Number of protein chains: 2
Amino acid sequence: MVGGPPWWHGKFAGYGYRMTVPRQAILSTLSKSKKHLSAEDIYLSVHKAYPGIGLTTVYRTLELLVRMGLVFKFDFGDGRSRYELAEGPNTNHHHHLVCRGCGRIIDYSELVDEETKILKQIGQTLSKKYDFSIDSHQIHFLGLCNKCK
Amino acid sequence: MVGGPPWWHGKFAGYGYRMTVPRQAILSTLSKSKKHLSAEDIYLSVHKAYPGIGLTTVYRTLELLVRMGLVFKFDFGDGRSRYELAEGPNTNHHHHLVCRGCGRIIDYSELVDEETKILKQIGQTLSKKYDFSIDSHQIHFLGLCNKCK
DNA sequence: AATGGAAGTGAAAACCATTACCAATAAGGA
DNA sequence: TCCTTATTGGTAATGGTTTTCACTTCCATT
Ligand SMILES: [Mn+2]
Ligand SMILES: [Mn+2]
Ligand SMILES: [Zn+2]
Ligand SMILES: [Zn+2]
């Protein structure tokens with residue numbers, strides 16, 4: 001329940017990156033939110049505590065975090081990218097239902113175990129056949145939510 | 001092998017839409033390509049045969065076709081949307097490997113039968129639980145292709 | 001054939017999320 | 001503390017997509 005340094009602290013030095021205040025703040029914001037935040041969402045949130053942090057830095061940091069595998073980047077079709085913390089001690093593997101009417105996103109983690117089993121198998125087959133190293137996957141179900149149909 | 005009117009001809013009148021030259025041309029371009037075309041790709045292709053057709057119409061038409069379910073729209077992370085004809089007599093259900101290094105997209109249709117089986121099941125469960133009507137799904141495997149790893 | 005309303009179109013301008021640029025700053029090992 | 005270099009923030013561009021608006025085409029009805 002209590003502290004200790006956040007679990008991502010170690011990840012930076014190893015790559016030759018520095019752990020800075022903006023990076024802390026952005027990771028902290030991501031870890032506290034359960035939504036799918038846009039770059040601007042994150043900028044506004046971070047900006048309250050650290051008004052000096054600029055939007056450019058948010059974009060740069062997100063790109064870095066995605067490259068490091070700490071954050072997932074999604075496109076749900078609303079014209080801006082959405083970010084969420086990758087699986088860690090506090091987040092579970094899940095996929096998404098995307099409403100084409102209102103853009104609502106529903107996370108689901110039911111049955112991901114079954115999915116995962118089959119996807120792992122498929123991933124292995126594809127890796128071999130196409131000489132492609134897979135490091136993550138996304139599943140989107142598209143349709144209409146209860147309010148929109 | 002030979003003609004008859006394209007299979008999509010019927011789909012328009014039913015919705016109160018008209019079958020026009022630009023729409024014909026765009027569908028024709030999509031049906032002849034095996035790649036994942038951007039709006040500009042389509043514009044350039046269509047423009048050769050019909051120099052009068054504008055980029056705006058391409059965007060508008062693609063939006064319409066996506067709404068009608070005749071075309072799928074994808075975001076593979078290269079900053080522009082990509083389109084491909086939905087499944088018909090000539091196209092098969094498939095999913096994608098997306099290379100984070102060079103952006104290469106690999107279509108695969110191996111094992112989609114197994115996927116489909118499980119996804120149909122999962123889709124039903126989710127539909128019911130979230131009162132959400134699913135009309136399509138996408139699976140992306142992200143990683144590095146042989147040239148990039 | 002003439003008419004009128006609705007659907008469709010193209011050129012240009014506006015939009016806006018993201019990126020490039022560059023001078024200034026801060027992190028962290030020696 | 002000093003030095004090297006990663007990092008940052010403001011501003012200006014970039015570029016894919018959307019909006020606007022006047023004009024054209026389609027088609028059901030006189
Ligand atoms: Mn999610
Ligand atoms: Mn494809
Ligand atoms: Zn909805
Ligand atoms: Zn590649």
Side-chain angles (χ1 to χ4, degrees), chain A residues 5 8-29 36-68 70-71 73-83 100 103, chain B residues 8-9 11-29 36-68 70-71 73-83 100 103:
Chain A
W8 56 72
H9 259 222
K11 302 270 184 181
F12 283 79
Y15 290 95
Y17 301 136
R18 296 172 183 171
M19 175 50 82
T20 66
V21 170
R23 289 172 182 178
Q24 294 268 16
I26 290 166
L27 279 165
S28 168
T29 286
H36 306 90
L37 302 175
S38 69
E40 192 184 4
D41 292 336
I42 295 168
Y43 168 71
L44 290 173
S45 164
V46 156
H47 196 259
K48 284 178 198 152
Y50 303 92
I53 296 177
L55 182 56
T56 304
T57 296
V58 173
Y59 275 105
R60 263 189 310 235
T61 300
L62 288 170
E63 186 198 345
L64 178 70
L65 295 175
V66 168
R67 220 181 322 129
M68 292 174 70
L70 294 181
V71 165
K73 178 179 185 177
F74 295 102
D75 182 298
F76 295 127
D78 67 338
R80 70 201 61 197
S81 295
R82 300 276 169 180
Y83 301 85
R100 264 205 256 275
Chain B
W8 56 70
H9 259 221
K11 302 269 184 182
F12 282 78
Y15 290 95
Y17 301 135
R18 296 171 184 168
M19 175 49 82
T20 67
V21 169
R23 288 171 184 179
Q24 294 269 16
I26 289 166
L27 278 164
S28 168
T29 287
H36 305 92
L37 301 176
S38 68
E40 192 185 5
D41 292 337
I42 295 168
Y43 168 71
L44 291 173
S45 164
V46 156
H47 196 258
K48 285 180 198 150
Y50 304 91
I53 296 176
L55 182 57
T56 305
T57 296
V58 172
Y59 274 106
R60 264 190 307 235
T61 301
L62 288 169
E63 187 197 345
L64 178 71
L65 295 174
V66 169
R67 222 182 319 128
M68 293 174 68
L70 294 180
V71 165
K73 179 179 185 177
F74 294 101
D75 182 297
F76 294 128
D78 67 339
R80 69 201 62 195
S81 294
R82 300 276 169 180
Y83 301 86
R100 265 205 255 275

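Within every chain, numbering begins at 1; the chains are lettered A, B, ... in the order of the sequence lines, protein sequences first and strands thereafter. This is a predicted model, so every value here is computed, not measured.
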message = Measuring from atom CZ of A/R60 to atom CG of A/L62, what distance do you get when rounded to the nearest 0.5 angstrom?
response =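 Nearest 0.5 Å value for the CZ-CG distance: 11.5 Å.
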
task = Rounded to the nearest 0.5 Å, what's the gap from CD1 on A/I26 to CG on A/L70? Could you check?
result =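 It is 12.5 Å, given to the nearest 0.5 Å.
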
Tell me which nucleotide among [options] gets nearest to the side chain of [X].
| X | options | value |
| --- | --- | --- |
| B/R18 | C/dT9, C/dG28, C/dA7 | C/dA7 |
| A/T56 | D/dT8, C/dC21, D/dT19 | C/dC21 |
| B/T57 | D/dG9, D/dT7, C/dT9 | C/dT9 |
| B/Y59 | D/dT18, D/dC26, C/dT9 | D/dT18 |
| A/L55 | C/dT9, D/dG16, C/dT18 | C/dT18 |
| A/R80 | C/dA17, D/dT7, C/dG10 | C/dA17 |
| A/V21 | D/dT7, D/dG16, C/dA27 | C/dA27 |
| A/R60 | C/dT18, D/dG9, D/dT17 | D/dG9 |

ask   = Checking B/S28 side chain against B/Q24 main chain: does a donor-acceptor pair fall under 3.5 Å?
value =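 A pair under 3.5 Å: no.
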
message = I'd like to know if the side chain of A/R82 and the backbone of A/H36 have a donor-acceptor N/O pair within less than 3.5 Å.
response =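 Yes; judged by distance alone, with no hydrogens or angles, the pair exists.
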
message = By nearest heavy atom, map A/P22 and B/S81 onto DNA chain D; which one lands nearer the 5' end?
response =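 Mapping each residue to its closest nucleotide by heavy atoms, the 5'-most match is A/P22.
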
inquiry  = Categorize B/S38 for me: base, sugar-phosphate, or nothing, with a 4.0 angstrom heavy-atom threshold over every strand shown.
reply    =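 Nothing: the residue B/S38, judged by heavy atoms under 4.0 Å, touches no strand.
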
query = Aromatic rings A/F76 and A/F74: how do their planes relate, parallel, tilted or perpendicular, breaks at 30° and 60°?
reply =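 Aromatic pair A/F76/A/F74 classed parallel.
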
Between [atom2] of [N] and [atom1] of [X], the distance in whole Å:
| X | N | atom1 | atom2 | answer |
| --- | --- | --- | --- | --- |
| B/Q24 | C/dT9 | CD | C1' | 16 Å |
| B/M68 | C/dA7 | CE | C1' | 14 Å |
| B/K73 | D/dG16 | NZ | P | 14 Å |
| B/D75 | D/dG16 | CG | C1' | 12 Å |
| B/D78 | D/dT14 | CG | P | 20 Å |
| B/R23 | C/dA7 | CZ | P | 11 Å |
| A/D41 | C/dA17 | CG | P | 11 Å |
| B/Y50 | C/dG8 | OH | C1' | 16 Å |

Given side chains that start at C-beta, do those of [X] and [Y] come closer than 4.5 Å, heavy atoms only?
| X | Y | value |
| --- | --- | --- |
| B/Y17 | B/K11 | no |
| A/Y43 | A/I53 | no |
| B/F12 | B/M68 | yes |

request  = Would you kindly check whether a donor in the side chain of B/T20 faces an acceptor in the base of C/dT9, or vice versa, at under 3.5 angstrom?
outcome  =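 By the distance-only test, no, there is no pair.
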
query = Going by heavy atoms closer than 4.0 Å, what residues in residues 42-49 of chain A are next to DNA chain C?
reply =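 When residues 42-49 of chain A is checked for heavy atoms under 4.0 Å from DNA chain C, there are no hits whatsoever.
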
